[in-house]
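This report refers to the structure that appears directly beneath it.
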Amino acid sequence: MENNERGQWGSKLGFILAVIGSAVGLGNIWRYPYLLYTNGGGAFLVPYFVALFTAGIPLVILEYGFGHKFRGSAPLSFARASRKFEWLGWWPSITSFVILSYYTAILSWAINFLFFSFAQSWGADTNSFFFNDFLQASTGPFDIDGMRWPIFLGITAIWFINWFVSYRGVSGGIERLNKVLIPTLLGIMLIIVVRGVTLPGASLGLNRLFTPDWSKVKDLNVWIDAYGQVFFSLSLAMGILITYSSYLPKKSDINNSAFITAFSNAGFEFLSAIGVFGILGFMATNQGIPIDEVAEQGIGLAFVVFPEVFSLMGPLGTVFGVLFFLALVFAGLTSSISLLEAFSSAVIDKSGASRKKVITITSIVGYLICVIYATGAGLFVLDIVDAFINSFSLVTVGLIEALILGWVIGADKIREHTNSVSIYRIGKWWEIMIKFVTPAILTVMLVSKLINEIKTPYGGGGYLTTALLILGWGVIGAIIIIAFIAMSTKWHKGVLEQNIEQDEEAM
């Protein structure tokens, strides 16, 4: 049968853990806590949950329902719905591959710091250690300046793990990995949170984090941040959710699964925020400085601020350093596997080649591309590519996807399908969200980001215009061109005509 050849989840729990694994990534740990802090503290929860119910959950249901109804990766699902929209399936699938190329580099950093944490090798000046000693960043994105071998070895290890897990298939590889890593990750985060909130001064960080600033709710940028966080953290517009749901048997509760995924991701983000700001409160108290001076997001939080905190914690700092970077590695691995699957599944569906062959070739090509991130220019290349992919490519895909699936292919048809297999039925409100609210919000996000980019190019003038054109707009343009090229190639015999409503064994 088709789905058994493509792969199928062994259980509903396996599917739920896999999509949670995809959603729960590095951004939950190092981005959400800072957004909560800077966007009004407790008041930020208002736009966040509005965003979750008006865009996050509706889009998850949309992608789950679409992939499950048409039984394929993103390109195959779009091709089966309407051949002329196949390119819209390739765009997010190729984007996932691009994201994976630099995501593995960040995971390499986490692996290296996992080993550094045993001896706290970062020393007293964690900022200098990370940027000068470890990354040895060059002068810019066009200054390669040789290979950074520890990063290269970490990249090698991550790509081998990605290949090994995906090679073993959907239930035998991806599902098994997530059944182990997701509960373990939750356990590690609970330990970090409990210790974080019991540290001296933790209350300083938590009070600053959750004290609501209701004036922020009136700020449009705060709402854009809320929608952006929900959109990106749920792995939307990457082809992942469409692909993962296509591996479900016919009788699967789609609607309920979407709510479980969204709330699990939100819960993990909230848990991370408590742990992070408890620890930052301890750091601020220990050093006698305001919390504003230690609060940070992104790589600065993970690889500069937290190593310094672990050094301040004494002997236990080693233990919590190991646990923290282990959590980063686990969160990143489950996400990287989903990115590889989104792209590989599309190639498997289109070519008819075996999973093992496609996974192997994809991993080799991805590994070779990823080498650029192990050079002195790696940090700058990663920074530009990531910024443009997140700000423009993914938002545009999400907008077009909502419009085409909502208005052309028909949100009513997808709602009818998900309701037919789900215990909890969604009403007309969902169609209104998909056809009107979500597109309007994504349009505002996209226009806002374009205006800001025109006014102040990314990096505030720190990057050459040439670098932004090639590594930013150029990469997005290349993804779109490749998507149309992939669309122009022939599907292997009979795949578009296969019965997508065939009976399958229920879970």
Side-chain angles (χ1 to χ4, degrees), residues 16-39 41 44-45 47-49 51-52 55-57 59-60 96 99-100 102-103 106-107 109-110 113 177-178 181-194 196-197 205-206 209-210 225-238 240-241 258-280 295-303 305-306 323-339 386 389-390 394:
I16 292 295
L17 290 176
V19 291
I20 290 175
S22 174
V24 172
L26 302 177
N28 298 68
I29 299 172
W30 73 26
R31 186 170 186 267
Y32 177 77
Y34 186 79
L35 283 180
L36 182 59
Y37 165 70
T38 57
N39 287 314
F44 182 68
L45 295 177
Y48 178 81
F49 278 104
L52 191 66
I57 292 174
L59 281 172
V60 173
S96 288
I99 295 173
L100 177 62
Y102 63 77
Y103 203 79
I106 301 174
L107 279 177
W109 302 348
F113 269 71
L177 178 80
N178 281 282
L181 292 194
I182 295 303
T184 306
L185 174 61
L186 178 59
I188 292 174
M189 285 306 299
L190 285 172
I191 293 172
I192 292 174
V193 169
V194 170
V197 299
L206 295 176
L209 174 64
F210 292 117
D225 280 346
Y227 277 93
Q229 178 63 21
V230 167
F231 186 82
F232 301 129
S233 67
L234 286 173
S235 300
L236 296 167
M238 297 181 189
I240 295 170
L241 302 187
F259 279 92
I260 292 174
T261 302
F263 286 127
S264 297
N265 179 69
F268 188 87
E269 287 185 326
F270 195 71
L271 183 69
S272 298
I274 293 173
V276 166
F277 270 83
I279 292 172
L280 292 180
E296 197 173 336
Q297 68 171 326
I299 62 174
L301 173 68
F303 300 106
V305 176
F306 264 53
L323 288 175
F324 176 75
F325 287 109
L326 195 60
L328 283 187
V329 172
F330 284 179
L333 271 176
T334 55
S335 297
S336 68
I337 292 294
S338 68
L339 291 166
D386 176 62
I389 287 291
N390 282 294
L394 292 179

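- Here the CG-CG distance, from L52 to L234, works out to 6.5 Å after rounding to the nearest 0.5 Å.
- Taking CH2 of W30 as the start and CG of L35 as the end, the distance is 13.5 Å to the nearest 0.5 Å.
- With S264 contributing its side chain and T261 its backbone, the two residues share no donor-acceptor pair below 3.5 Å.
- For the atom pair CG of L36 and CD of Q297, the computed distance is 12.5 Å after rounding to the nearest 0.5 Å.
- Shown are L17, V329, L333; of these, the side chain to side chain contact (heavy atoms under 4.5 Å, CB included) with L181 is made only by L333.
- Classified by interplanar angle (parallel below 30°, tilted 30° to 60°, perpendicular above 60°), the ring pair F325/F113 is tilted.
- Nearest heavy atom pair, residue L301 against residue E296, reads CB-O, 3.6 Å.
- Looking at every heavy atom in both residues, P33 comes nearest to N28 through CD-O, 3.5 Å.
- Nearest heavy-atom pair, Y34 versus A295, reported as atom, atom and distance to 0.1 Å: CE1-O, 3.7 Å.
- Between L328 and W109, the closest side-chain pair of non-hydrogen atoms is not below 4.5 Å.
- A side chain to side chain contact (heavy atoms under 4.5 Å, CB included) with S336 is found for exactly one of I106, L107, I99, namely L107.
- In this structure the side chain of F324 reaches within 4.5 angstrom of the side chain of I29, judged on heavy atoms.
- When all heavy atoms of G332 and Y103 are compared, the pair lying nearest together is O-CE2, 3.3 Å.
- Using a 4.5 Å cut-off on side-chain heavy atoms (C-beta onward), F306 and I279 make contact.
- Between V230 and I57 there is no side-chain heavy-atom pair separated by less than 4.5 Å.
- Side-chain polar atoms of N265 and S233 form a donor-acceptor pair below 3.5 angstrom.
- In summary, the side chains of Y48 and E269 do present a donor paired with an acceptor at a separation below 3.5 Å, with no hydrogens or angles considered.
- Between F44 and F49, the closest side-chain pair of non-hydrogen atoms is not below 4.5 Å.
- Considering CG of L186 and CG of L271, their distance stands at 7.0 Å, rounded to 0.5 Å.
- Within the 6.0 Å centre-distance limit, the rings of F270 and F210 are counted as a close aromatic pair.
- Under the side chain to side chain contact (heavy atoms under 4.5 Å, CB included) rule, L185 has a single partner from L190, I20, L326, V24, which is V24.
- Residue N178 comes nearest to G21 through the heavy atom pair OD1-CA, 3.7 Å, listed as atom of the first residue, atom of the second, then distance.
- Of the inter-residue distances, the one linking L177 atom CG with T334 atom OG1 reads 7.5 Å to the nearest 0.5 angstrom.
- Between atom CG of residue L206 and atom CZ of residue F277 there is a gap of 9.5 Å, rounded to the nearest 0.5 Å.
- Using a distance-only test at 3.5 Å, with no hydrogens or angles considered, no donor-acceptor pair links the side chain of S96 to the main chain of L339.
- With 3.5 Å as the limit, one finds a donor-acceptor pair spanning the side chains of S22 and S235.
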